[in-house]
Protein chains: 2
Amino acid sequence: MAQFFGPKGTRDMFPEDMAMREHLFTSWERTCKRFGFEKYDGPMFEHLDVFTQKSGDEIEKQLYAFEDKGGRKIALRPEMTPTLARMVAARAGALKRPVRWYSMPTLFRYERSQKGRLREFIQLNMDILGIADVTADAELIAAAIHVLLDLGLTSSDFKVHISSRVLLEELLCGVGVAKEMLPSIYALLDKKAKIPPEVFTTELSSIVSDVVLCNNITTVLTAQTLDEATSLVPDAPAVITMKRLLAMLDAYGIGDCIMFDIGIVRGLAYYTGIVFEVYDTNQEMRAIAGGGRYDKLVSQYGGPDTPAIGFAVGDVVLTDLLSEKKLLPTVPGRSRVFVATFERDEPFKAIAMTKLIRDAGISAENTLKLQAIGKQLNQAAAAGVKWTVIVGGDEEKEGLYMLREMQSGTEKKIPFALICDQVQRDSF
Amino acid sequence: MAQFFGPKGTRDMFPEDMAMREHLFTSWERTCKRFGFEKYDGPMFEHLDVFTQKSGDEIEKQLYAFEDKGGRKIALRPEMTPTLARMVAARAGALKRPVRWYSMPTLFRYERSQKGRLREFIQLNMDILGIADVTADAELIAAAIHVLLDLGLTSSDFKVHISSRVLLEELLCGVGVAKEMLPSIYALLDKKAKIPPEVFTTELSSIVSDVVLCNNITTVLTAQTLDEATSLVPDAPAVITMKRLLAMLDAYGIGDCIMFDIGIVRGLAYYTGIVFEVYDTNQEMRAIAGGGRYDKLVSQYGGPDTPAIGFAVGDVVLTDLLSEKKLLPTVPGRSRVFVATFERDEPFKAIAMTKLIRDAGISAENTLKLQAIGKQLNQAAAAGVKWTVIVGGDEEKEGLYMLREMQSGTEKKIPFALICDQVQRDSF
């Protein structure tokens with residue numbers, strides 16, 4: 001007999017795994033609704049050009065791409081933003097602004113699977129479209145932070161590292177960097193955290209020969225605070241925007257979750273303003289979440305110019321972090337009540353009692369096996385129920401039913417009319 | 001500029017579409033939990049042989065199948081049961097019996113898209129594994145019916161058509177049909193509803209030459225009730241099972257949703273006992289749901305012999321039916337409260353008020369545009385909010401805030417401490 005396995009980099013979600021995912025989902029939904037976002041979704045796959053339009057042909061390397069039976073080039077979605085941009089572009093005239101949308105897509109990337117990275121994973125995406133002011137950046141970053149706070153994480157567990165593409169460019173050009181040199185410097189900055197300082201210095205001097213300029217660039221790129229970073233170019237216009245953002249985030253009451261970090265570049269070419277990434281405080285894990293402003297994207301999909309900011313948080317690293325911080329819940333029992341029965345022919349009384357309890361909105365299951373009561377109680381314990389009701393016993397003649405609290409083993413005889421009341425309580 | 005569209009047979013779910021899907025999902029979750037089922041999920045794609053193991057190579061015709069970059073044959077899942085069987089087989093020893101599982105998978109079939117049938121759709125699947133007795137069939141059919149009842153449908157809107165593979169075989173063999181003739185008769189029965197009675201008779205006589213046998217088969221296959229169907233073979237053992245099932249469904253209080261229908265064959269070859277399909281009462285639409293017993297499947301995936309029964313209901317036909325019966329809800333507003341502000345420099349007061357309301361668990365959004373109050377109220381109306389709080393007005397000096405009930409336009413000045421209380425009510 002052949003054995004059958006799920007594909008590499010994917011997960012079988014057994015109920016105990018699924019309970020953790022549902023915990024995430026419930027929390028995500030709660031935060032998104034509290035922040036006034038509306039849910040959307042798109043197809044699990046798109047025409048290939050929807051993805052290459054945003055990320056260029058090189059994205060194809062990490063796509064599950066194929067031809068469908070009609071000869072169309074199709075790819076499983078590796079991210080949600082191209083679908084979002086396509087949908088907003090298609091209905092740009094009819095959508096009320098600002099668009100405040102969230103989605104919880106399953107995504108697919110053909111990558112080497114490793115800790116924190118799988119080939120199939122789920123993200124929460126939140127986006128605000130139609131607002132150019134940094135008020136939207138503040139609102140969105142506040143939402144991202146509350147997504148984490150709602151799960152029980154605190155400002156001592158994570159930090160949102162914030163920078164700005166515009167600010168970085170103004171600062172570098174302000175100290176004398178020529179525009180055509182920027183891409184090389186961004187690329188170097190992007191790997192700065194992974195290389196020793198002396199390698200950074202050597203590589204920088206191979207890009208920039210002038211020693212003074214080199215030193216000034218280093219001052220900008222190694223700054224620990226906004227004031228340090230802007231010390232050489234204090235009047236850069238984007239400094240004001242950044243300061244406004246930080247002040248608003250203070251008004252949202254989340255200043256302690258925030259740090260300025262000039263080193264945040266974000267790999268994707270399409271960001272146009274504020275960019276941010278969320279890391280665990282010890283920075284031992286991959287980024288938990290990331291986002292930024294992308295004001296040009298919707299127009300690239302045939303829509304009008306539409307300022308936009310968004311972020312995404314994946315389920316894999318986040319679940320690892322919650323597990324490390326012991327913030328994942330215990331797996332709940334699947335039913336609250338188990339209905340056992342002394343019936344030996346047909347379980348009609350068990351069925352009727354189960355119906356009564358379910359009709360009251362309480363989760364219940366009945367023994368599907370007419371076996372000895374002891375075995376039925378074992379079945380009830382395995383199902384993790386809180387209560388077992390036993391029907392078909394002698395006490396039924398007096399209109400009473402045996403109710404057993406499973407954890408303590410305490411049993412009481414309860415009148416029919418009080419059963420639902422009692423099982424909704426936590427104990428006798 | 002190129003235009004971008006979603007792939008054929010898929011849906012873009014804008015918030016108003018998504019609200020309908022979420023309505024389904026919320027109801028499905030509620031019923032599954034009330035019935036004591038646990039949620040699971042698997043990968044969106046499987047190795048191709050996971051699907052051909054159950055359905056044979058011909059299934060490949062309607063699959064989105066492709067090779068991944070590692071040369072593995074992969075297919076997007078067209079149904080959930082193969083994944084379920086693979087997962088149960090993999091952990092058969094550790095799973096508590098009965099397994100009571102549900103899932104809400106997105107599925108993919110490369111078919112001609114038409115009314116009620118898309119290439120990407122969603123199903124609710126519920127399965128009970130580990131119980132051979134018809135008690136499980138009754139429980140599962142009760143669950144299927146409550147899935148529909150919970151959405152507001154009634155027994156006058158739909159009927160569950162029930163038959164049994166075993167009963168049909170016993171009846172046909174009981175009147176004298178040879179075993180090797182059964183497949184041809186099943187195939188004819190499967191298309192019986194779509195052909196005129198005289199064509200049915202002609203085709204039957206081309207399979208069966210004996211006139212008496214032909215008449216007896218016709219008596220079985222055109223029966224309207226269980227008694228009629230079994231009149232020639234009253235002692236067929238499966239009659240007892242069917243009668244037990246119907247009696248239990250009465251105990252579940254859903255007898256009026258049920259009808260015996262000897263014509264239910266179900267296309268898939270793997271059913272081994274009770275089979276059922278749900279149709280709208282007028283039988284104008286495709287089947288709404290279907291299921292049956294499949295006792296051999298888990299062992300085909302390397303697991304132990306495991307009796308099993310399950311059903312699936314798709315979102316497409318069900319949504320059509322709910323729409324026709326006017327049982328779909330109106331789209332809710334995305335926030336309960338809109339925070340408008342007289343502030344002209346920075347919206348710090350608006351942010352603080354929004355935070356206050358959200359911290360009380362109430363959905364709120366603030367104006368992200370510091371524009372005239374009239375325009376902000378338009379924005380609030382477009383967002384569909386119930387209440388608008390206006391901050392930064394003169395009344396703030398007295399500790400009061402202007403609260404506007406959007407539908408009536410009524411405004412009142414409310415002390416800070418009472419704002420959350422008030423907005424949780426439906427009106428002043």
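Letters A, B, ... mirror the listed sequences (proteins, then strands); counts begin at 1.
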Task: Heavy-atom pairs under 4.5 Å with chain B, option from H47(A), M87(A), K349(A) with the top count - done: M87(A)

TODO: Counting only heavy atoms closer than 4.5 Å, note whether L370(A) contacts chain B via side chain, backbone, both or neither.
DONE: neither

TODO: Can you tell which part of R91(A) gets under 4.5 Å to a heavy atom of chain B, answering side chain, backbone, both or neither?
DONE: side chain

Open item on the list: Are the side chains of L76(A) and L76(B) in contact, using a 4.5 Å heavy-atom criterion?
Closed with: yes

Task: Exercise: identify the closest heavy-atom pair between A251(A) and F348(B) - done: CB-CD2, 3.6 Å

Task: chain B contact via P7(A) - side chain, backbone, both or neither, heavy atoms under 4.5 Å - done: both

Open item on the list: Tell me if a side-chain donor or acceptor on K96(B) pairs with a main-chain N or O of A381(A) at a distance below 3.5 Å.
Closed with: no

Task: CA sep, side-chain torsions, deciding dist, call: R34(A), D359(B), salt bridge (Lys or Arg N to Asp or Glu O under 4.0 Å) - done: CA-CA 9 Å; R34(A) 194 169 295 178; D359(B) 285 352; 5.9 Å; no

Task: K33(A) vs R336(B) side-chain heavy atoms within contact, under 4.5 Å - done: no

- [ ] Evaluate the side-chain proximity of Q53(A) to F4(B): yes if any heavy-atom separation is below 4.5 Å, no if none is.
- [x] yes

- [ ] Report yes if some heavy atom in the side chain of I128(B) is under 4.5 Å from a heavy atom in the side chain of L368(A); otherwise report no.
- [x] yes

Task: Segment of K355(A) engaging chain B (4.5 angstrom heavy-atom cut-off) - done: side chain

- [ ] With a 4.5 angstrom heavy-atom cut-off, could you sort out which part of I362(A) is near chain B: side chain, backbone, both or neither?
- [x] backbone

TODO: Could you check if a side-chain atom of K369(A) sits within less than 4.5 angstrom of a side-chain atom of I131(B), using non-hydrogen atoms only?
DONE: yes

Task: Side chain proximity check, F35(A) to E365(B), heavy atoms < 4.5 angstrom - done: no

- [ ] Return yes if some donor-acceptor pair links the side-chain N/O of Y110(B) with the main-chain N/O of G70(A) below 3.5 Å, else return no.
- [x] yes

Open item on the list: Taking side chain as everything from C-beta outward and backbone as N, CA, C, O, which of these in A383(A) sits under 4.5 Å from a heavy atom of chain B? Side chain, backbone, both or neither.
Closed with: backbone

Open item on the list: Keeping E120(B) on the side-chain end and M44(A) on the backbone end, is there a donor-acceptor pair under 3.5 Å?
Closed with: yes

Task: Heavy-atom proximity to chain B below 4.5 Å, by part of F338(A) - done: neither

TODO: Sort out for me which of T10(A), T83(A), I351(A), V50(A) touches chain B most, counting heavy-atom pairs under 4.5 Å.
DONE: I351(A)

Task: Parallel, tilted or perpendicular: ring planes of F108(A) versus F45(B), cut at 30 and 60 degrees - done: tilted

Task: Minimal non-hydrogen separation, Y252(B) against R358(A), with atom names - done: CE2-NH1, 4.0 Å

Open item on the list: Tell me which one of R334(A), M13(A), M18(A) satisfies side chain to side chain contact (heavy atoms under 4.5 Å, CB included) with K39(B).
Closed with: M18(A)

Task: Heavy-atom side-chain contact between Q379(A) and P98(B) under 4.5 Å - done: yes

Task: Structural part of E46(A) lying under 4.5 Å from a heavy atom of chain B - done: both

- [ ] Output all residues satisfying ring pair (Phe, Tyr, Trp, His ring centres under 6.0 Å) with Y102(B), sequence neighbours left out; order by chain, then residue number.
- [x] none

Task: Non-hydrogen atoms of N366(B) and R100(A) that approach each other most closely - done: O-NH1, 4.3 Å

Open item on the list: Please classify the contact of K61(A) with chain B as side chain, backbone, both or neither, using a heavy-atom distance under 4.5 Å.
Closed with: backbone

TODO: Let me see the working for K8(A) and D68(B) under salt bridge (Lys or Arg N to Asp or Glu O under 4.0 Å), right down to the final yes or no.
DONE: CA-CA 11 Å; K8(A) 198 171 164 183; D68(B) 78 4; over 6 Å; no

Open item on the list: Does any backbone or side-chain atom of R21(A) lie under 4.5 Å from a heavy atom of chain B? Answer side chain, backbone, both or neither.
Closed with: side chain

